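A short worksheet on the structure shown next.
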Amino acid sequence: MRYRTLGSSDLEVSEISLGSWLTYSGGIEADQTRACTKAAFEAGINFFDTANVYGQGTAETAWGEILSAHPRDSYILATKVWGRMSDDPADQGLSPAQIAQQIDASLTRLKTDYVDLYQAHRFDPTVPIEDTIEAFQKVVEQGKARYLGFSEWTPEQIQAGIDIAGSELFVSSQPQYSMLWQAPEAEVFGLCAANGISQIVWSPLAQGVLTGKYKPGQPIPEGSRFASAEMAAAQDLVYSEETLEAVRRLVPIAEEAGMSMPTLALAWVLRRGEVASAITGASRPEQVHANAAASGVELSDDVLAAVDQALGDVPITEPTLAPAAQAGIKHR
Ligand SMILES: NC(=O)c1ccc[n+]([C@@H]2O[C@H](COP(=O)([O-])OP(=O)(O)OC[C@H]3O[C@@H](n4cnc5c(N)ncnc54)[C@H](OP(=O)(O)O)[C@@H]3O)[C@@H](O)[C@H]2O)c1
């Protein structure tokens, strides 16, 4: 496993990291969660990403049990705040009260005194950005988080944060990024790089679609994410016959390059120096090992050109399609 520096921080994160959305929040059994996490440590993965909202605390609780058995300095832990945590519509977002309450709840569930990275899961247009930033800074001052990041903020929102608190405020940006979802390359990557902010990218396998296991015109394999309506959270975004046809065109490219489809897909996101880590998901320990094998694999110019040709018009490249793009920015 190779490691990359996370933005302007002193954290060295594994190129392949493990996330807990849809899996360790209740999607798979507890013993499989344990087995996947064990596989991650075996493979040299040191970076774990979760969120308060994954299973409304379930994913954090599961990892709290497992990770707390390891020395605290042997893993880098990231969580997030923003999502709705209960039936109460006020129990969400990035108000100072919510951030103060949610960091404590996350730390309790994660059985630790601090997280290495605390992220705004989305932008909150209902709260003055100055208030949100002060609340996050307080979390760091209190020693409850070492560094701060954001997920799916627009360039305007990122710039507003930097204008208020300087480029050292954030060390990471967490956008969706894969061969099938290339949108953040256009504006987010450059702005962040200029300000010492790394990308840690989610769904780099497009939720499993880029492993090639879903075949056009064929039934969805049993036990896979898209076989379950609950698990297929964003099916319409990455799963269509057109996409599956494009992915099928990638298979011979991987074969000729002597690598698996997960390796091709993960090495493709890691080809960009702006990306510090690809946050993968896994429902089985074999997947963790297969995905970890992509670290250190370099793709030739010929392979990259062949990938572009195979994908055709399928990738989403428009920045305006990013989920948070419509949100405004409130000031004091
Ligand atoms: N910031 C955000 O808003 C946001 C949003 C989404 C995710 N995330 C983060 O990103 C993490 C990863 O997201 P993701 O789970 O969608 O990532 P992903 O790596 O694109 O997809 C993971 C899923 O693909 C399948 N898979 C993985 N490796 C495989 C392999 N080698 N062979 C065959 N199938 C394989 C597994 O599902 P099955 O075995 O069930 O088919 C696995 O659960 C999340 O856990 C979370 O930490 C963040």
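The model shown is predicted, which means the values in this text are computed figures rather than measured ones. No hydrogens, no waters, no symmetry mates; every other heavy atom, side chains included, goes into these values. Along the sequence shown, the residues carry numbers beginning at 1. Just follow the structure's listing: the first ligand is 1, and inside any ligand the first atom is 1.
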Could you list the atoms of ligand 1 found under 4.0 angstrom from a heavy atom of [X]?
X	result
Tyr214	41 (O)
Pro262	31 (N)
Ala206	20 (O)
Lys80	1 (N)
Thr280	12 (C), 19 (O)
Arg284	39 (O)
Thr211	29 (C), 30 (C), 32 (N), 33 (C), 34 (N), 35 (C)
Ser20	45 (O), 47 (O)

Transitively linked via ILVMFWY side-chain contacts under 4.5 Å: [X] with [Y]?
X	Y	answer
Val297	Ile279	no
Val275	Leu6	no
Trp268	Leu250	yes
Ile158	Val127	no

Between [X] and ligand 1, which part of the residue brings a heavy atom under 4.0 Å of the ligand: side chain, backbone, both or neither?
X	value
Arg122	side chain
Leu210	neither
Ser151	side chain
Phe226	neither

Counting only heavy atoms, tell me which of Trp82, Tyr24, Trp202 gets closest to atom 8 (N) of ligand 1.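 Ranked by closest heavy atom to atom 8 (N) of ligand 1, first place is Trp202.
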
Pick, from Ala78, Ser228, Gly281, Ala51, the option with the minimum heavy-atom distance to atom 18 (P) of ligand 1.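 Answer by nearest heavy atom: Gly281.
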
Please indicate whether any nitrogen or oxygen in [X] is less than 3.5 Å from any nitrogen or oxygen in ligand 1.
X	value
Thr50	no
Asp49	yes
Gln174	yes

If we only consider heavy atoms of [X], is any one of them less than 4.0 Å away from an atom in ligand 1?
X	result
Gln176	no
Asn291	yes
Glu152	no

If you measure only the distance, is there a donor-acceptor pair under 3.5 Å linking the side chains of [X] and [Y]?
X	Y	value
Glu156	Thr154	yes
Thr112	Arg72	yes
Gln174	Asp49	yes

Would you mind checking if Arg248 and Glu245 are paired as a salt bridge, meaning a charged N to carboxylate O distance below 4.0 Å?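 Salt bridge flag = yes for Arg248 with Glu245.
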
Would you call Arg332-Glu134 a salt bridge at under 4.0 Å N-O?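 Here Arg332 pairs with Glu134 in a salt bridge, since their nearest N and O are under 4.0 Å apart.
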
Identify each donor-acceptor pair in which a side-chain atom of residues 35-47 lies under 3.5 Å from a protein atom, sequence neighbours left out, and give them as a table.
from	atom 1	to	atom 2	distance (Å)
Thr37	OG1	Thr33	O	2.7
Thr37	OG1	Trp63	NE1	3.1
Lys38	NZ	Glu42	OE2	3.2
Glu42	OE1	His289	NE2	3.2
Asn46	OD1	Ser14	N	2.8
Asn46	OD1	Ser14	OG	3.1
Asn46	ND2	Glu12	O	2.9

Does some side-chain heavy atom of Arg146 sit less than 4.5 Å from a side-chain heavy atom of Asp10?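 They are in contact (side-chain heavy atoms under 4.5 Å apart), so the answer is yes.
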
Apply salt bridge (Lys or Arg N to Asp or Glu O under 4.0 Å) to Arg109 and list each qualifying residue two or more places apart in sequence or on a separate chain.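 Here the qualifying residues are Glu60.
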
